[in-house]
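Just follow the structure's listing: the first ligand is 1, and inside any ligand the first atom is 1. Given the structure is predicted, the values throughout are model-derived calculations rather than measurements.
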Amino acid sequence: MTQGIQNKVVVITGGSSGLGEASARLLSAQGASIVLGARRKDRIEALAAELTGKGGKAIALTTDVTGREQVQKLVDAAVHSYGRIDVIINNAGLMPQSLLEHLKVDEWDQMIDVNIKGVLYGIAAALPYMQKQKAGHIINVSSVAGHKVGPGSSVYAATKHAVRALSEGLRQEVKPYNIRTTIISPGAVATELPNTITDAAVGARIKTFYADMAIPADSFARCVAFAMSQPEDVDINEILFRPTRQEL
Ligand SMILES: NC(=O)c1ccc[n+]([C@@H]2O[C@H](COP(=O)([O-])OP(=O)(O)OC[C@H]3O[C@@H](n4cnc5c(N)ncnc54)[C@H](OP(=O)(O)O)[C@@H]3O)[C@@H](O)[C@H]2O)c1
């Protein structure tokens, strides 16, 4: 499956754990050059060192996606180091779910800033390069929560619906530039994501749900690899996947 992956330059936000980390490992093993961005410097630097130690190409840049200029620097670093940007995976996100009546307004703001504005900043940074190249692939991470809403998930689900809406608009707008767009909407995947929940009751429920349901993070990485490895004229616009045992 290295076709369409080998020698591509791939920027991954949220590359320090979970889905981003798993994608970095899989794509690096298939010959992509990886550019990791996240706030935990030690984690992304250790991962970049591991990938280069195995013969791959990888760099890491401490990035908080709530700062537009930091995301721009991440993408600029990819172009500076490797000459182009083929793929950006706008993956950084958090899920501090809670009932609206608990008024965890700071967490609502955080989810909007990271899950929506972070994705938009990734698009803003990568799009001008991809327009000039007349090639590129923007992969935005939504969720089953981008399709379904339940009690406690209102704001998280709103951010993930927003990712799908803006990705669909983007898909239509970038036709003249030969740019591909993919939304990936995972179900329960075993990562550090449930640790972002501060509401004790919701946290306990979600952690039990993940313990029962969640599948390994390379399930997501294989979806990324599938979308990237299609021939240039095939645009995989959306992938929704769940653990086989997950009902809702
Ligand atoms: N796991 C699932 O079941 C699941 C299901 C559907 C969708 N998703 C989505 O998948 C994406 C990745 O999550 P995950 O499951 O891999 O969880 P995770 O292990 O907690 O990873 C989240 C990543 O986002 C990064 N991040 C958070 N805030 C950031 C910020 N302000 N700036 C830069 N990076 C930031 C974290 O890095 P630092 O803390 O080092 O900054 C980390 O690398 C998220 O968008 C999530 O909503 C996950």
Side-chain angles (χ1 to χ4, degrees), residues 11-26 34-48 60-75 88-97 106-107 109-122 125 139-148 150 153 155-164 167 182-197 203 206-207 209-221 223-224 238-243 245-246 248:
V11 173
I12 306 176
T13 70
S16 59
S17 63
L19 308 186
E21 178 183 353
S23 302
R25 284 183 203 284
L26 183 71
I34 306 295
V35 180
L36 297 164
R39 293 165 305 171
R40 286 172 292 177
K41 187 174 192 280
D42 52 334
R43 297 271 288 255
I44 48 174
E45 285 184 346
L47 180 56
L61 202 78
T62 311
T63 308
D64 185 329
V65 298
T66 65
R68 181 181 170 193
E69 58 306 325
Q70 294 188 39
V71 184
Q72 187 66 57
K73 273 189 191 149
L74 178 71
V75 170
I88 184 165
I89 308 177
N90 289 307
N91 162 74
L94 73 167
M95 186 185 71
Q97 295 195 15
D106 289 347
E107 293 183 350
D109 285 340
Q110 226 187 342
M111 281 190 275
I112 290 163
D113 287 346
V114 177
N115 299 3
I116 304 177
K117 290 171 78 175
V119 171
L120 286 168
Y121 293 159
I139 300 177
N140 294 333
V141 182
S142 180
S143 170
V144 165
H147 297 256
K148 291 189 176 297
S153 80
V155 179
Y156 180 69
T159 66
K160 293 302 185 179
H161 276 71
V163 169
R164 290 187 59 235
S167 300
T182 303
I183 304 160
I184 305 184
S185 295
V189 179
T191 67
E192 297 172 22
L193 195 67
N195 299 344
T196 60
I197 302 171
I206 299 277
K207 279 180 184 158
F209 179 74
Y210 270 70
D212 292 344
M213 293 291 164
I215 51 176
D218 59 295
S219 56
F220 172 85
C223 292
V224 172
E238 183 149 20
I239 298 174
L240 168 61
F241 76 97
R242 294 176 173 83
R245 54 187 170 253
Q246 181 178 344
L248 295 175

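Not counting sequence neighbours, R39 has no partner by the salt bridge (Lys or Arg N to Asp or Glu O under 4.0 Å) test.
In the model, R40 has a side-chain atom that pairs as donor or acceptor with a side-chain atom of S16 under 3.5 Å.
L19 approaches A217 most closely through the heavy-atom pair CD2-CB, 4.1 Å.
For ligand 1, residues of the protein lying within 4.0 angstrom by heavy-atom distance are G14, G15, S16, S17, G18, L19, A38, R39, R40, T63, D64, V65, N91, A92, G93, V114, V141, S142, S143, Y156, K160, P186, G187, A188, V189, T191, E192, L193, Y210.
With hydrogens and angles disregarded, a donor-acceptor distance shorter than 3.5 Å links the side chain of T196 to the backbone of M95.
Across L248, V189, I215, V144, a single residue satisfies side chain to side chain contact (heavy atoms under 4.5 Å, CB included) together with R242, and that is V144. Checking V141, V11, N140 one by one against I89, the side chain to side chain contact (heavy atoms under 4.5 Å, CB included) holds for a single residue, V141.
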